[in-house]
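Okay, structure first, notes after.
Per chain, numbering begins at 1; letters A, B, ... match sequence-line order.
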Amino acid sequence: MSLPEFKLLRPRTLAEAIDLLARHAPDVQVIAGGTDLIPSMRQKLFAPQYVLDIRGIRELRGIRSSAAFRPEMGRLRDSPQDAGAINAVEIGALTTLTEMEHSTFLRQHYPVLVAAAATVASPILRNMGTLGGNICLDTRCLWYNQSLTWRKGCGFCIKKDGNICHVAPGGDTCWAAFSGDTPPALLCLEAEIEVAAPGGTRHLPLRDFYTGVGDNYRKLQKNELVTRVFLPQSSAGWHGAYRKLRIRGSIDYPLAGVAVLLRRSNGHVEDARIALTAVNAGPVLVKGIREALAGRPLDEAAAEEAAELAARTAKPLTTSALTPEYRREMIRVFTRRALLQAFNS
Amino acid sequence: MKKELISLRVNGRTHELAVEPSKLLLDALREDLRLTGSKRGCDDSSCGACTVQVGGIPMLACTLLAASCQEQEITTVEGVSEHGSLAAIQKAYGDWGGAQCGFCTPGFIMTVKYLLANNPHPTETEIKQALSGNLCRCTGYNQMYEAIKSAIEAEQQGLAASK
(Lines give C-alpha, C1' and ligand atoms only; values in the text may rest on other atoms or scores of the structure.)
Protein backbone atom coordinates (compact mmCIF):
# COMPACT_ATOMS: atom_id res chain seq x y z
CA MET A 1 0.00 0.00 0.00
CA SER A 2 1.39 3.41 -0.86
CA LEU A 3 1.71 6.32 1.50
CA PRO A 4 -0.23 9.58 1.31
CA GLU A 5 1.77 12.22 -0.55
CA PHE A 6 3.96 14.65 1.34
CA LYS A 7 7.06 16.80 1.00
CA LEU A 8 10.18 15.41 2.67
CA LEU A 9 12.44 17.71 4.69
CA ARG A 10 15.89 16.46 5.68
CA PRO A 11 17.66 18.83 8.09
CA ARG A 12 21.32 18.22 9.00
CA THR A 13 21.41 20.13 12.28
CA LEU A 14 19.09 20.54 15.24
CA ALA A 15 18.81 24.28 14.62
CA GLU A 16 17.73 23.63 11.04
CA ALA A 17 15.16 21.06 12.21
CA ILE A 18 13.65 23.42 14.78
CA ASP A 19 13.48 26.16 12.16
CA LEU A 20 11.68 23.86 9.69
CA LEU A 21 9.31 22.66 12.42
CA ALA A 22 8.43 26.25 13.34
CA ARG A 23 7.79 27.10 9.70
CA HIS A 24 5.57 24.13 8.91
CA ALA A 25 4.29 23.43 12.43
CA PRO A 26 0.62 22.62 12.04
CA ASP A 27 1.10 20.18 9.20
CA VAL A 28 4.31 18.28 9.81
CA GLN A 29 5.13 14.84 11.19
CA VAL A 30 8.56 13.98 12.51
CA ILE A 31 10.16 10.74 11.36
CA ALA A 32 13.26 9.06 12.79
CA GLY A 33 13.28 5.25 12.66
CA GLY A 34 9.89 5.29 10.96
CA THR A 35 8.65 2.10 12.61
CA ASP A 36 5.71 3.88 14.25
CA LEU A 37 4.90 6.56 11.66
CA ILE A 38 5.18 4.62 8.38
CA PRO A 39 2.68 1.84 9.26
CA SER A 40 0.32 4.54 10.59
CA MET A 41 0.66 6.59 7.41
CA ARG A 42 -0.19 3.49 5.39
CA GLN A 43 -3.41 3.28 7.36
CA LYS A 44 -4.02 7.00 6.67
CA LEU A 45 -3.88 7.78 10.38
CA PHE A 46 -1.56 10.61 9.40
CA ALA A 47 -1.54 12.46 6.09
CA PRO A 48 0.75 15.43 6.76
CA GLN A 49 1.83 17.93 4.14
CA TYR A 50 5.42 17.70 5.37
CA VAL A 51 7.50 14.92 6.86
CA LEU A 52 10.59 16.00 8.75
CA ASP A 53 13.27 13.30 8.61
CA ILE A 54 15.60 13.98 11.54
CA ARG A 55 17.89 10.96 11.06
CA GLY A 56 20.65 13.16 9.65
CA ILE A 57 21.13 15.11 12.90
CA ARG A 58 24.29 13.50 14.21
CA GLU A 59 24.41 15.42 17.48
CA LEU A 60 21.33 13.52 18.65
CA ARG A 61 22.98 10.10 18.43
CA GLY A 62 24.86 8.18 21.07
CA ILE A 63 25.30 7.57 24.79
CA ARG A 64 27.61 9.87 26.75
CA SER A 65 28.54 10.05 30.40
CA SER A 66 29.97 13.25 31.81
CA ALA A 67 33.27 13.34 33.68
CA ALA A 68 31.22 13.84 36.83
CA PHE A 69 29.60 10.40 36.52
CA ARG A 70 30.30 8.42 39.67
CA PRO A 71 28.31 5.19 39.46
CA GLU A 72 28.91 4.30 43.10
CA MET A 73 26.68 7.24 44.06
CA GLY A 74 23.64 5.26 42.99
CA ARG A 75 24.40 2.52 45.46
CA LEU A 76 24.82 4.83 48.44
CA ARG A 77 22.00 5.79 50.73
CA ASP A 78 21.42 9.56 50.73
CA SER A 79 23.85 10.16 47.91
CA PRO A 80 24.52 13.86 47.33
CA GLN A 81 22.37 15.08 44.48
CA ASP A 82 23.93 18.38 43.53
CA ALA A 83 22.55 19.73 40.30
CA GLY A 84 25.79 19.40 38.33
CA ALA A 85 26.11 15.68 38.88
CA ILE A 86 22.50 14.57 38.84
CA ASN A 87 22.09 14.10 35.09
CA ALA A 88 25.48 12.61 34.42
CA VAL A 89 24.41 10.36 31.56
CA GLU A 90 22.93 11.58 28.29
CA ILE A 91 21.31 9.49 25.56
CA GLY A 92 20.55 11.18 22.25
CA ALA A 93 16.97 10.75 21.04
CA LEU A 94 18.20 9.21 17.77
CA THR A 95 20.14 6.44 19.53
CA THR A 96 18.71 3.19 18.22
CA LEU A 97 17.25 0.57 20.52
CA THR A 98 19.89 -1.87 19.22
CA GLU A 99 22.65 0.54 20.26
CA MET A 100 21.15 0.68 23.75
CA GLU A 101 20.72 -3.10 23.89
CA HIS A 102 24.43 -3.58 23.14
CA SER A 103 25.79 -0.72 25.25
CA THR A 104 28.15 -2.18 27.85
CA PHE A 105 27.95 1.10 29.77
CA LEU A 106 24.16 0.93 30.10
CA ARG A 107 24.28 -2.81 30.82
CA GLN A 108 26.65 -2.17 33.71
CA HIS A 109 24.98 0.86 35.28
CA TYR A 110 21.34 0.88 34.10
CA PRO A 111 20.47 -2.77 33.37
CA VAL A 112 16.71 -2.22 33.55
CA LEU A 113 16.89 0.08 30.52
CA VAL A 114 18.85 -2.50 28.52
CA ALA A 115 16.37 -5.21 29.52
CA ALA A 116 13.46 -3.08 28.30
CA ALA A 117 15.17 -1.93 25.07
CA ALA A 118 16.11 -5.52 24.21
CA THR A 119 12.46 -6.63 24.17
CA VAL A 120 11.09 -3.97 21.81
CA ALA A 121 9.53 -5.48 18.68
CA SER A 122 12.15 -7.54 16.78
CA PRO A 123 15.91 -7.25 16.16
CA ILE A 124 15.35 -5.65 12.73
CA LEU A 125 12.86 -3.13 14.10
CA ARG A 126 15.26 -2.29 16.94
CA ASN A 127 17.92 -1.52 14.32
CA MET A 128 15.57 1.16 13.03
CA GLY A 129 13.59 2.37 16.07
CA THR A 130 15.05 5.09 18.29
CA LEU A 131 14.79 5.93 21.98
CA GLY A 132 13.07 9.24 21.19
CA GLY A 133 10.55 7.39 19.04
CA ASN A 134 9.86 4.86 21.77
CA ILE A 135 9.20 7.69 24.25
CA CYS A 136 6.93 9.54 21.80
CA LEU A 137 5.23 6.34 20.55
CA ASP A 138 1.62 6.87 19.53
CA THR A 139 -0.98 5.21 21.77
CA ARG A 140 -2.62 2.08 20.37
CA CYS A 141 -6.11 0.60 20.24
CA LEU A 142 -7.97 -2.14 18.36
CA TRP A 143 -10.27 0.54 16.99
CA TYR A 144 -7.51 2.94 15.95
CA ASN A 145 -4.64 0.94 14.41
CA GLN A 146 -6.71 -0.15 11.43
CA SER A 147 -7.04 0.78 7.78
CA LEU A 148 -9.13 3.76 6.70
CA THR A 149 -11.80 1.42 5.27
CA TRP A 150 -11.99 -0.52 8.54
CA ARG A 151 -12.26 2.61 10.66
CA LYS A 152 -14.80 4.18 8.33
CA GLY A 153 -16.93 1.01 8.55
CA CYS A 154 -17.08 1.42 12.33
CA GLY A 155 -17.89 5.11 12.27
CA PHE A 156 -14.36 6.18 13.33
CA CYS A 157 -13.51 7.06 16.98
CA ILE A 158 -12.48 9.94 19.25
CA LYS A 159 -8.77 9.49 18.61
CA LYS A 160 -9.10 9.93 14.87
CA ASP A 161 -11.85 11.48 12.73
CA GLY A 162 -14.79 10.57 15.00
CA ASN A 163 -16.51 11.42 18.26
CA ILE A 164 -17.37 8.08 19.86
CA CYS A 165 -15.33 5.58 21.85
CA HIS A 166 -15.93 1.90 21.06
CA VAL A 167 -13.98 0.81 24.13
CA ALA A 168 -15.99 2.81 26.65
CA PRO A 169 -19.24 3.68 24.83
CA GLY A 170 -20.95 6.80 26.05
CA GLY A 171 -17.74 8.39 27.29
CA ASP A 172 -15.81 11.22 25.71
CA THR A 173 -12.36 10.08 26.83
CA CYS A 174 -9.90 8.16 24.66
CA TRP A 175 -8.47 5.04 26.32
CA ALA A 176 -5.90 3.98 23.70
CA ALA A 177 -2.97 2.32 25.50
CA PHE A 178 0.58 3.59 25.59
CA SER A 179 2.78 0.71 24.43
CA GLY A 180 6.40 1.84 24.67
CA ASP A 181 8.75 -0.57 26.48
CA THR A 182 11.53 1.81 27.54
CA PRO A 183 9.42 4.53 29.26
CA PRO A 184 8.52 2.39 32.32
CA ALA A 185 12.24 1.63 32.77
CA LEU A 186 13.04 5.34 32.36
CA LEU A 187 10.34 6.28 34.90
CA CYS A 188 11.91 3.91 37.44
CA LEU A 189 15.30 5.52 36.74
CA GLU A 190 13.77 9.01 37.27
CA ALA A 191 14.93 10.07 33.81
CA GLU A 192 14.57 13.59 32.47
CA ILE A 193 14.03 14.58 28.87
CA GLU A 194 15.11 17.62 26.90
CA VAL A 195 12.59 19.18 24.55
CA ALA A 196 13.81 21.62 21.91
CA ALA A 197 11.49 24.38 20.65
CA PRO A 198 11.91 27.60 18.66
CA GLY A 199 12.27 29.59 21.91
CA GLY A 200 15.00 27.33 23.35
CA THR A 201 15.14 24.03 25.18
CA ARG A 202 13.38 22.88 28.32
CA HIS A 203 13.97 19.95 30.64
CA LEU A 204 11.27 18.00 32.35
CA PRO A 205 11.01 14.76 34.31
CA LEU A 206 9.70 12.06 31.99
CA ARG A 207 6.81 11.39 34.39
CA ASP A 208 5.48 14.89 33.58
CA PHE A 209 5.59 14.24 29.82
CA TYR A 210 2.53 11.97 29.69
CA THR A 211 -1.03 13.14 30.24
CA GLY A 212 -2.67 9.78 30.94
CA VAL A 213 -5.25 10.44 28.21
CA GLY A 214 -5.22 8.29 25.07
CA ASP A 215 -5.62 10.83 22.28
CA ASN A 216 -3.64 13.79 23.61
CA TYR A 217 -1.17 11.52 25.36
CA ARG A 218 2.00 13.61 25.57
CA LYS A 219 2.87 17.20 26.34
CA LEU A 220 4.65 18.05 23.11
CA GLN A 221 3.70 20.93 20.87
CA LYS A 222 3.76 20.56 17.09
CA ASN A 223 6.87 22.75 16.90
CA GLU A 224 8.78 20.82 19.56
CA LEU A 225 11.18 17.90 19.39
CA VAL A 226 12.33 15.45 22.09
CA THR A 227 16.10 15.64 21.75
CA ARG A 228 17.85 13.99 24.70
CA VAL A 229 17.26 11.74 27.69
CA PHE A 230 19.18 12.18 30.93
CA LEU A 231 19.73 9.52 33.56
CA PRO A 232 20.60 10.53 37.11
CA GLN A 233 23.60 8.90 38.70
CA SER A 234 21.49 8.37 41.83
CA SER A 235 19.78 5.53 39.90
CA ALA A 236 23.01 3.94 38.63
CA GLY A 237 23.85 0.44 39.75
CA TRP A 238 20.36 -0.51 40.93
CA HIS A 239 19.13 -3.99 40.10
CA GLY A 240 16.40 -4.18 37.52
CA ALA A 241 14.18 -6.41 35.43
CA TYR A 242 11.58 -5.95 32.70
CA ARG A 243 8.80 -8.36 31.79
CA LYS A 244 6.19 -8.02 29.08
CA LEU A 245 3.14 -9.81 27.77
CA ARG A 246 2.57 -10.20 24.04
CA ILE A 247 0.95 -12.74 21.77
CA ARG A 248 4.10 -13.70 19.86
CA GLY A 249 7.52 -13.81 21.49
CA SER A 250 8.85 -11.21 19.04
CA ILE A 251 7.70 -8.34 16.80
CA ASP A 252 4.49 -7.59 18.78
CA TYR A 253 3.81 -4.55 20.94
CA PRO A 254 3.43 -5.27 24.67
CA LEU A 255 -0.10 -5.84 25.96
CA ALA A 256 1.17 -5.47 29.53
CA GLY A 257 4.66 -4.57 30.73
CA VAL A 258 6.39 -4.20 34.11
CA ALA A 259 9.72 -2.56 34.91
CA VAL A 260 11.23 -3.12 38.35
CA LEU A 261 14.18 -1.28 39.88
CA LEU A 262 15.56 -1.93 43.35
CA ARG A 263 18.53 -1.33 45.60
CA ARG A 264 19.61 -4.08 47.99
CA SER A 265 21.47 -3.94 51.25
CA ASN A 266 22.35 -6.80 53.58
CA GLY A 267 19.67 -9.13 52.28
CA HIS A 268 16.84 -6.63 52.34
CA VAL A 269 15.36 -4.06 49.98
CA GLU A 270 16.60 -0.55 50.61
CA ASP A 271 14.48 1.16 47.96
CA ALA A 272 12.34 -0.01 45.04
CA ARG A 273 10.34 1.41 42.15
CA ILE A 274 7.89 -0.25 39.77
CA ALA A 275 6.39 1.19 36.58
CA LEU A 276 3.85 -0.24 34.14
CA THR A 277 3.21 0.10 30.43
CA ALA A 278 0.58 -0.99 27.88
CA VAL A 279 -2.23 -1.17 30.46
CA ASN A 280 -3.00 2.57 30.77
CA ALA A 281 -3.03 5.53 28.39
CA GLY A 282 0.43 6.47 29.67
CA PRO A 283 3.28 4.65 31.40
CA VAL A 284 2.79 4.91 35.18
CA LEU A 285 4.85 4.59 38.34
CA VAL A 286 3.14 2.43 40.96
CA LYS A 287 2.65 4.38 44.19
CA GLY A 288 3.63 3.05 47.60
CA ILE A 289 6.28 0.54 46.49
CA ARG A 290 9.10 2.01 48.57
CA GLU A 291 6.87 2.06 51.65
CA ALA A 292 5.76 -1.53 51.01
CA LEU A 293 9.21 -3.02 50.43
CA ALA A 294 11.92 -0.89 52.07
CA GLY A 295 13.65 -2.60 54.97
CA ARG A 296 12.19 -6.04 54.18
CA PRO A 297 13.83 -9.08 52.68
CA LEU A 298 12.21 -9.78 49.33
CA ASP A 299 10.33 -13.04 49.82
CA GLU A 300 7.23 -14.33 48.03
CA ALA A 301 4.93 -12.51 50.47
CA ALA A 302 6.61 -9.14 49.98
CA ALA A 303 6.66 -9.60 46.20
CA GLU A 304 2.96 -10.52 46.24
CA GLU A 305 2.12 -7.39 48.23
CA ALA A 306 3.89 -5.16 45.70
CA ALA A 307 2.29 -7.13 42.84
CA GLU A 308 -1.13 -6.35 44.29
CA LEU A 309 -0.32 -2.62 44.27
CA ALA A 310 0.79 -2.90 40.65
CA ALA A 311 -2.32 -4.82 39.58
CA ARG A 312 -4.51 -2.16 41.22
CA THR A 313 -2.65 0.58 39.32
CA ALA A 314 -3.25 -1.16 35.99
CA LYS A 315 -6.47 -0.05 34.28
CA PRO A 316 -6.56 -2.11 31.08
CA LEU A 317 -9.62 -1.86 28.85
CA THR A 318 -10.55 -3.77 25.69
CA THR A 319 -8.02 -1.93 23.54
CA SER A 320 -6.21 -5.09 22.45
CA ALA A 321 -6.70 -8.72 21.50
CA LEU A 322 -6.27 -10.00 25.07
CA THR A 323 -8.90 -9.41 27.75
CA PRO A 324 -8.41 -6.68 30.36
CA GLU A 325 -8.78 -9.25 33.17
CA TYR A 326 -5.94 -11.35 31.79
CA ARG A 327 -3.68 -8.36 31.24
CA ARG A 328 -4.22 -7.11 34.80
CA GLU A 329 -3.56 -10.57 36.20
CA MET A 330 -0.34 -10.78 34.17
CA ILE A 331 0.76 -7.43 35.62
CA ARG A 332 0.50 -9.10 39.04
CA VAL A 333 2.39 -12.21 37.89
CA PHE A 334 5.11 -10.28 36.04
CA THR A 335 5.60 -7.83 38.92
CA ARG A 336 6.19 -10.71 41.33
CA ARG A 337 8.57 -12.48 38.95
CA ALA A 338 10.44 -9.32 37.99
CA LEU A 339 10.92 -8.34 41.64
CA LEU A 340 12.32 -11.75 42.56
CA GLN A 341 14.52 -11.74 39.45
CA ALA A 342 15.89 -8.25 40.18
CA PHE A 343 16.46 -9.02 43.87
CA ASN A 344 18.30 -12.25 43.14
CA SER A 345 20.34 -10.87 40.21
CA MET B 1 3.36 15.12 -5.73
CA LYS B 2 6.27 16.23 -7.86
CA LYS B 3 9.01 13.67 -8.32
CA GLU B 4 12.46 14.43 -7.03
CA LEU B 5 15.79 13.24 -8.24
CA ILE B 6 17.52 11.01 -5.72
CA SER B 7 20.69 9.00 -5.80
CA LEU B 8 20.68 5.47 -4.36
CA ARG B 9 23.72 3.28 -3.96
CA VAL B 10 22.57 -0.33 -4.26
CA ASN B 11 24.82 -3.41 -4.36
CA GLY B 12 27.85 -1.28 -5.20
CA ARG B 13 26.26 0.69 -8.05
CA THR B 14 24.92 4.24 -7.93
CA HIS B 15 21.52 4.86 -9.51
CA GLU B 16 19.85 8.19 -10.23
CA LEU B 17 16.09 7.92 -9.81
CA ALA B 18 13.12 10.27 -10.05
CA VAL B 19 10.72 9.29 -7.25
CA GLU B 20 7.94 10.80 -5.15
CA PRO B 21 9.13 11.79 -1.64
CA SER B 22 6.63 9.29 -0.25
CA LYS B 23 8.09 6.37 -2.20
CA LEU B 24 9.17 3.48 -0.01
CA LEU B 25 12.60 1.97 -0.48
CA LEU B 26 10.99 -1.39 -1.24
CA ASP B 27 9.02 0.10 -4.15
CA ALA B 28 12.05 1.97 -5.48
CA LEU B 29 14.03 -1.29 -5.47
CA ARG B 30 11.30 -3.41 -7.02
CA GLU B 31 9.66 -1.00 -9.45
CA ASP B 32 12.40 1.43 -10.44
CA LEU B 33 15.48 -0.77 -10.18
CA ARG B 34 13.74 -4.06 -10.99
CA LEU B 35 15.42 -5.71 -8.03
CA THR B 36 12.48 -7.93 -7.16
CA GLY B 37 14.35 -10.19 -4.73
CA SER B 38 13.13 -8.19 -1.74
CA LYS B 39 9.51 -9.16 -1.13
CA ARG B 40 6.45 -7.36 0.18
CA GLY B 41 4.97 -9.79 2.69
CA CYS B 42 2.80 -8.22 5.37
CA ASP B 43 3.02 -4.55 4.38
CA ASP B 44 2.70 -3.59 8.04
CA SER B 45 6.32 -3.71 9.19
CA SER B 46 6.11 -7.14 10.80
CA CYS B 47 7.26 -10.03 8.65
CA GLY B 48 10.82 -9.23 7.51
CA ALA B 49 10.40 -10.48 3.90
CA CYS B 50 11.61 -7.08 2.65
CA THR B 51 14.77 -7.04 4.81
CA VAL B 52 17.75 -5.31 3.18
CA GLN B 53 20.96 -4.00 4.69
CA VAL B 54 21.34 -0.24 4.97
CA GLY B 55 24.84 0.75 5.97
CA GLY B 56 25.43 -2.92 6.74
CA ILE B 57 22.50 -3.18 9.17
CA PRO B 58 19.31 -5.18 8.46
CA MET B 59 16.28 -2.92 8.06
CA LEU B 60 12.79 -3.22 6.58
CA ALA B 61 12.68 -1.75 3.08
CA CYS B 62 8.88 -1.39 3.43
CA THR B 63 9.36 0.98 6.38
CA LEU B 64 12.03 3.26 4.91
CA LEU B 65 11.55 6.17 2.57
CA ALA B 66 13.73 5.80 -0.52
CA ALA B 67 14.77 9.45 -0.32
CA SER B 68 15.94 8.93 3.27
CA CYS B 69 18.40 6.22 2.19
CA GLN B 70 20.61 8.42 0.04
CA GLU B 71 24.32 8.50 0.91
CA GLN B 72 23.99 5.01 2.39
CA GLU B 73 25.19 1.68 1.03
CA ILE B 74 22.17 -0.55 0.42
CA THR B 75 22.60 -4.29 -0.04
CA THR B 76 19.77 -6.51 -1.28
CA VAL B 77 19.67 -10.27 -1.74
CA GLU B 78 20.82 -9.69 -5.33
CA GLY B 79 24.08 -8.35 -3.91
CA VAL B 80 25.09 -11.16 -1.58
CA SER B 81 26.61 -13.61 -4.07
CA GLU B 82 30.40 -13.63 -4.05
CA HIS B 83 32.27 -13.22 -7.36
CA GLY B 84 29.31 -14.55 -9.30
CA SER B 85 28.85 -17.71 -7.24
CA LEU B 86 26.45 -18.36 -4.39
CA ALA B 87 27.43 -17.22 -0.90
CA ALA B 88 27.87 -20.06 1.62
CA ILE B 89 24.51 -19.32 3.20
CA GLN B 90 22.72 -19.34 -0.18
CA LYS B 91 24.23 -22.69 -1.07
CA ALA B 92 23.39 -24.12 2.36
CA TYR B 93 19.77 -22.98 2.01
CA GLY B 94 19.58 -24.97 -1.21
CA ASP B 95 21.28 -28.03 0.22
CA TRP B 96 19.15 -28.20 3.36
CA GLY B 97 15.79 -27.12 1.96
CA GLY B 98 15.96 -23.89 3.98
CA ALA B 99 13.53 -22.37 1.52
CA GLN B 100 10.15 -23.96 1.05
CA CYS B 101 7.95 -21.63 -0.97
CA GLY B 102 10.92 -19.25 -0.92
CA PHE B 103 9.03 -16.01 -0.39
CA CYS B 104 10.64 -15.21 2.99
CA THR B 105 14.10 -16.43 1.95
CA PRO B 106 15.62 -13.14 0.67
CA GLY B 107 14.78 -11.46 3.99
CA PHE B 108 16.18 -14.35 6.00
CA ILE B 109 19.37 -14.39 3.94
CA MET B 110 19.98 -10.70 4.67
CA THR B 111 19.44 -11.28 8.39
CA VAL B 112 21.70 -14.34 8.47
CA LYS B 113 24.46 -12.58 6.50
CA TYR B 114 24.45 -9.87 9.17
CA LEU B 115 24.45 -12.40 12.01
CA LEU B 116 27.42 -14.33 10.62
CA ALA B 117 29.36 -11.16 9.78
CA ASN B 118 29.06 -9.92 13.35
CA ASN B 119 29.05 -13.20 15.25
CA PRO B 120 30.80 -15.97 13.27
CA HIS B 121 30.08 -18.59 15.95
CA PRO B 122 26.53 -17.99 17.16
CA THR B 123 24.94 -20.33 19.69
CA GLU B 124 21.59 -21.99 18.96
CA THR B 125 19.87 -19.33 21.10
CA GLU B 126 21.68 -16.50 19.34
CA ILE B 127 20.60 -17.87 15.95
CA LYS B 128 16.98 -18.10 17.09
CA GLN B 129 17.03 -14.60 18.54
CA ALA B 130 18.63 -13.20 15.40
CA LEU B 131 15.93 -14.78 13.21
CA SER B 132 13.05 -13.65 15.44
CA GLY B 133 12.30 -10.65 13.21
CA ASN B 134 11.67 -12.76 10.10
CA LEU B 135 8.57 -14.90 9.65
CA CYS B 136 8.27 -18.05 7.53
CA ARG B 137 4.65 -18.97 6.90
CA CYS B 138 5.67 -22.43 5.68
CA THR B 139 7.08 -22.69 9.25
CA GLY B 140 10.23 -24.38 7.98
CA TYR B 141 12.52 -23.00 10.65
CA ASN B 142 14.33 -26.26 11.48
CA GLN B 143 15.76 -26.61 7.98
CA MET B 144 16.96 -23.01 8.26
CA TYR B 145 18.83 -23.70 11.48
CA GLU B 146 20.47 -26.70 9.80
CA ALA B 147 21.36 -24.58 6.77
CA ILE B 148 22.85 -21.84 8.93
CA LYS B 149 24.89 -24.31 10.97
CA SER B 150 26.17 -25.93 7.79
CA ALA B 151 27.03 -22.50 6.31
CA ILE B 152 29.08 -21.74 9.42
CA GLU B 153 30.91 -25.06 9.00
CA ALA B 154 31.47 -24.39 5.30
CA GLU B 155 32.92 -20.95 6.08
CA GLN B 156 35.27 -22.49 8.63
CA GLN B 157 36.39 -25.21 6.22
CA GLY B 158 36.87 -22.57 3.54
CA LEU B 159 39.01 -20.57 5.92
CA ALA B 160 40.99 -23.66 6.87
CA ALA B 161 41.47 -24.59 3.20
CA SER B 162 42.66 -21.13 2.26
CA LYS B 163 45.32 -21.11 5.00
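Residues forming a side-chain contact (heavy atoms from CB on, under 4.5 Å) with B/C104 (at least two apart in sequence, or on another chain): B/F108, B/C136, B/M144. Scanning for side-chain contact (heavy atoms from CB on, under 4.5 Å) contacts around A/A241 gives A/A338, A/Q341, A/A342, with sequence neighbours left out. Every residue two or more places apart in sequence or in another chain was checked for a salt bridge (Lys or Arg N to Asp or Glu O under 4.0 Å) with A/R107, and none qualifies.
In this structure, the portion of B/L24 lying under 4.5 Å from any heavy atom of chain A is its side chain and not its backbone. Only the side chain of B/L135 has a heavy atom closer than 4.5 Å to any heavy atom of chain A. With a 4.5 Å cut-off on non-hydrogen atoms, A/L125 touches chain B through its side chain but not through its backbone. For a residue to count as touching a neighbouring chain, one of its non-hydrogen atoms must lie under 4.5 Å from one of that chain's; by this rule A/I38 touches chain B with the side chain only.
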Polar contacts chain A-chain B (donor-acceptor, d < 3.5 Å, no H, no angle):
residue: A/M1; atom: N; partner: B/D43; partner atom: OD2; Å: 2.4
residue: A/E5; atom: OE1; partner: B/M1; partner atom: N; Å: 2.7
residue: A/E5; atom: OE2; partner: B/M1; partner atom: N; Å: 2.9
residue: A/R10; atom: NH1; partner: B/A67; partner atom: O; Å: 3.3
residue: A/R12; atom: NH2; partner: B/E71; partner atom: OE1; Å: 3.1
residue: A/R42; atom: NE; partner: B/D43; partner atom: O; Å: 3.4
residue: A/R42; atom: NE; partner: B/D43; partner atom: OD1; Å: 3.1
residue: A/R42; atom: NH1; partner: B/D43; partner atom: O; Å: 2.9
residue: A/R42; atom: NH2; partner: B/C62; partner atom: O; Å: 2.3
residue: A/D53; atom: OD2; partner: B/S68; partner atom: OG; Å: 2.6
residue: A/N127; atom: ND2; partner: B/P58; partner atom: O; Å: 2.9
residue: A/S250; atom: OG; partner: B/S132; partner atom: O; Å: 2.8
residue: A/S250; atom: OG; partner: B/S132; partner atom: OG; Å: 3.4

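With a 4.5 Å cut-off on side-chain heavy atoms, B/V54 and A/M128 do not count as touching.
Residue-environment remark: NZ (A/K152) stays at or below the threshold of 12 foreign heavy atoms within 6.0 Å.
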